[in-house]
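One structure below.
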There are 2 protein chains.
Amino acid sequence: MLVVLDQVAIDGVRSAQRSSGGSSLLDVARAAQVDPSTVSRVLRDDPALRVRPTTRERILAAAAELGYVPNVNARGLALRRTTTLGLIIPSTANIVYEQIIKGAEAAARQAGYVLVLAESADVGAVDSAHRELILGGRVDGLLIASGTLHESLPPPLLNGLTNCVILNRRIRGSLPSIIEDDERGMARAVEHLVGLGHTRIACLAGPDEVDTATRRLAGFKQAMRAAALPIRRGYVERASFDEAGGYEATLKLLALARQPTAIAASSIVAAIGALAACHAAGVTVPEEVSLIAFHDATIAQYLTPSLSTIWMPLFELGEMATRQLLLMIDGQEIPSVQRLEDPEPRVISRASTAPPRR
Amino acid sequence: MLVVLDQVAIDGVRSAQRSSGGSSLLDVARAAQVDPSTVSRVLRDDPALRVRPTTRERILAAAAELGYVPNVNARGLALRRTTTLGLIIPSTANIVYEQIIKGAEAAARQAGYVLVLAESADVGAVDSAHRELILGGRVDGLLIASGTLHESLPPPLLNGLTNCVILNRRIRGSLPSIIEDDERGMARAVEHLVGLGHTRIACLAGPDEVDTATRRLAGFKQAMRAAALPIRRGYVERASFDEAGGYEATLKLLALARQPTAIAASSIVAAIGALAACHAAGVTVPEEVSLIAFHDATIAQYLTPSLSTIWMPLFELGEMATRQLLLMIDGQEIPSVQRLEDPEPRVISRASTAPPRR
DNA sequence: CTGTTAGCGCTTTCAA
DNA sequence: TTGAAAGCGCTAACAG
């Protein structure tokens, strides 16, 4: 195939101009001695095309020889879409997002899309991301899993946005969202503790303004009511979803006159802080206090004691949100709030939960 | 400014065609009654341009009114560059990458670039990412922090690649890399342990084929030699850089006839596994065994006991790599291997290290 | 100081 | 079964 290479060389001056040294569709066309449009059709397997096999061969060979890679900018410009989706997360450091990312990536890849990640914890994220990424033509749609979004987000921010779906936040306005069944997950945690015989159960709740925190707390309250158990004074502590938040809040719970015998934490990261607080306060887990955390992650089984958790279908959440987004991009109507109910939340019981001491 | 809006409405048919409902430079030009090229110049602050203030005003007002956002595809096509950089990491879940990402992001943003993240642990990552991302025109350059890269990577893979820099891996071939001083970091860990009086020090080393693991082990050996301490049989365990790897390897170390009194782990994630293994084996930390880990992270202070670590300049690594990449994109020659020496590695001493028991 | 023009690489009618 | 031509939105000479 030196012939082909030679042609490239002859035309080198022009090809060398290209973005990054690659060869263009035009180069392939010349090498295969056909019109660029034919190359385009062959390379994209245009169904409305019956091309002579030998021509197709020539084209494919030339493309392979030249290491042709289509330029997404040119294609995006012509098609008015990039096959790229964006996923906005508040922090790459948070283990909870790992599974969501994997699920979204899988669904995107399956549909022939590329997924790019953007990090932003900002409340204004939706709006500016929409500007920068969608209007800017970088992505066709946006998955938004940013943490601080909540119902009281200024409505004007969300006006006229399209091709966005929110993950696990309910936001007043027109943007559809996919949410996991946090109420049920938290209820499972309570049921697990009740099943072990606990009655003095406290809740390490998340920040007031975070929708998931609200829903988990609601699940806690429902389950306590269902078990006919009182929620004692001071038994609900609101704290940020990080180690420090869990630590401080737990110290407060442990300082109560009537200490809880079990704590249900709405976040695994906060639970890690809670565990540290128990150790620091000289309170043994699970002997004196049982601890269970919302969301599972690898680290749970490597803590001491290993941490009981509520597994949630995060991978599936990422997948489902992506599929909905693709439908939306496709111009279809999608429901404004969808709850993911299928793989149900389930308790992964490890060493941090046990019956209360007599 | 209803006038402007009216004009848009009149021209709505055409503007509506645009990628995602936004308005184009042409729309702005019409609204401001000037030529598109003038709009382009004004909006990009073309230095070689002295425009009449009133014209500029009109243009800026029109752009604001229309919510104009430039289309990156069109711009990328015209300029043959995208002002976007890619960062390839093996896993978003690994806490070690958090700081690298932040550093790269900061440096990219400062230069007016956008950073996108791609997840790939694959050895072929460099090659396929170069194809997909650089040749495809998605990004102008690539930061590669993929974990399994190593010196024995098939050289042909790296041929002709450009605008890539490798983070913290030395790779035979032409790709420049920025590395942190892992030898020194690990030496600091050993010195810390020696300073506490330890002599039976083991090393939880990383996988053979990972360059950073090799360098950290080298640092361990040098420091042991410098302290005139022997490395006993079985005192170097190679394990994967994850909790499970650290767990298993530590069990082996603890099963040795002559148990080490201290363990230097080449990875904080492996160290979490090591801590779990000590607890499981009933070995107290730091009383019976001291433990120190390479790389610091928030979780270190929330483990029990809190984990002593070696802080490494990861943020700066991300920053520096990005700056080098930008130089490379700019056509400048950059050194093939650069070692980041400035913020020095330092020991963060917490509760997991203490003098050995008498 | 501003308009004209050509083109970036690809897709897509419309012709042949 | 293939080619010609126009256009996606923006930039960059080159004129005026």
Side-chain angles (χ1 to χ4, degrees), chain A residues 11 13-30 32-59 63 66 68-83 135-138 140, chain B residues 11 13-30 32-59 63 66 68-83 135-138 140:
Chain A
D11 194 43
V13 184
R14 200 176 157 294
S15 339
Q17 307 275 335
R18 201 186 184 251
S19 336
S20 337
S23 32
S24 76
L25 186 140
L26 193 57
D27 296 326
V28 176
R30 278 194 281 239
Q33 324 238 34
V34 293
D35 189 86
S37 60
T38 306
V39 175
S40 169
R41 290 186 268 239
V42 166
L43 258 30
R44 278 173 314 105
D45 264 327
D46 188 333
L49 166 75
R50 289 164 311 155
V51 75
R52 194 178 301 154
T54 78
T55 314
R56 154 170 280 133
E57 280 307 310
R58 250 197 354 268
I59 292 174
L66 292 175
Y68 170 71
V69 178
N71 180 304
V72 294
N73 290 310
R75 171 175 287 180
L77 193 54
L79 290 178
R80 281 175 231 69
R81 60 200 196 82
T82 60
T83 39
L135 292 184
R138 278 181 198 279
D140 296 339
Chain B
D11 195 42
V13 184
R14 198 176 158 294
S15 338
Q17 308 275 334
R18 202 185 183 250
S19 335
S20 338
S23 33
S24 75
L25 187 139
L26 193 56
D27 295 326
V28 176
R30 278 194 282 238
Q33 324 239 34
V34 293
D35 190 86
S37 60
T38 305
V39 176
S40 169
R41 289 184 270 238
V42 166
L43 258 30
R44 279 173 312 104
D45 263 327
D46 188 333
L49 165 76
R50 287 165 310 153
V51 74
R52 193 180 303 153
T54 81
T55 312
R56 153 171 280 134
E57 281 307 312
R58 247 195 0 267
I59 292 175
L66 293 175
Y68 169 71
V69 179
N71 180 304
V72 294
N73 290 311
R75 172 176 286 180
L77 194 54
L79 290 177
R80 284 177 226 68
R81 57 199 197 83
T82 61
T83 50
L135 292 184
R138 276 181 200 279
D140 296 339

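Below, read A as the first sequence line, B as the second, and so on, with proteins coming before strands; counting in each chain starts at 1. Values below: all heavy atoms of this structure, side chains included; hydrogens, waters and symmetry mates excluded.
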Original post:
Is any side-chain nitrogen or oxygen of B/T38 closer than 4.0 Å to OP1 or OP2 of C/dG3?
Top reply: yes
Original post:
Which residue, A/N73 or B/V34, contacts DNA chain C at a nucleotide closer to its 5' end, judged by nearest heavy atom?
Top reply: B/V34
Original post:
Less than 4.5 Å apart, any side-chain heavy atom of B/V39 and any of B/P36?
Top reply: no
Original post:
Nearest to the side chain of B/R44 - D/dT1, D/dC8, D/dA12?
Top reply: D/dA12
Original post:
Think B/T55 has a side-chain N or O under 4.0 angstrom from the OP1 or OP2 of C/dC1?
Top reply: no
Original post:
What pairs with B/R41 under side-chain hydrogen bond (donor to acceptor under 3.5 Å, both in side chains), at least two apart in sequence or on another chain?
Top reply: B/S37
Subject >> Below 4.0 Å: OP1/OP2 of D/dT1 and any side-chain N or O of A/R52 >> reply: no
**OP:** Mind checking side chain to side chain contact (heavy atoms under 4.5 Å, CB included) for A/A78 and listing every partner two or more places apart, or none if nothing turns up?
**Re:** none
Subject >> Rounded to 10 degrees, the angle between the two terminal axes of the helix from C/dC1-D/dG16 to C/dA16-D/dT1, each from five pairs >> reply: 40°
Only distances under 3.5 Å count here; give the side-chain donor-acceptor pairs of residues 52-59 of chain B to other protein atoms, sequence neighbours excluded, each with its distance to 0.1 Å.
from, atom 1, to, atom 2, distance (Å)
B/R58, NE, B/A32, O, 2.8
B/R58, NH2, B/A32, O, 3.1

Original post:
Which nucleotide in the list C/dT2, D/dC10, C/dG9 gets nearest to the side chain of A/N71?
Top reply: C/dG9
So which protein N/O to nucleotides 14-16 of chain C N/O distances come out below 3.5 Å?
none

**OP:** Ignoring the backbone of A/L77, work out which of D/dG9, C/dG3, D/dC10 is nearest its side chain.
**Re:** D/dG9
**OP:** Between B/S37 and B/A74, name the one whose nearest nucleotide on DNA chain C is closer to the 5' end.
**Re:** B/S37
Subject >> Among C/dC8, D/dC10, C/dT11, the nucleotide that comes nearest once only the side chain of B/Y68 is considered >> reply: D/dC10
Original post:
So does A/S40 get a side-chain nitrogen or oxygen closer than 4.0 Å to the phosphate oxygens (OP1/OP2) of C/dC10?
Top reply: no
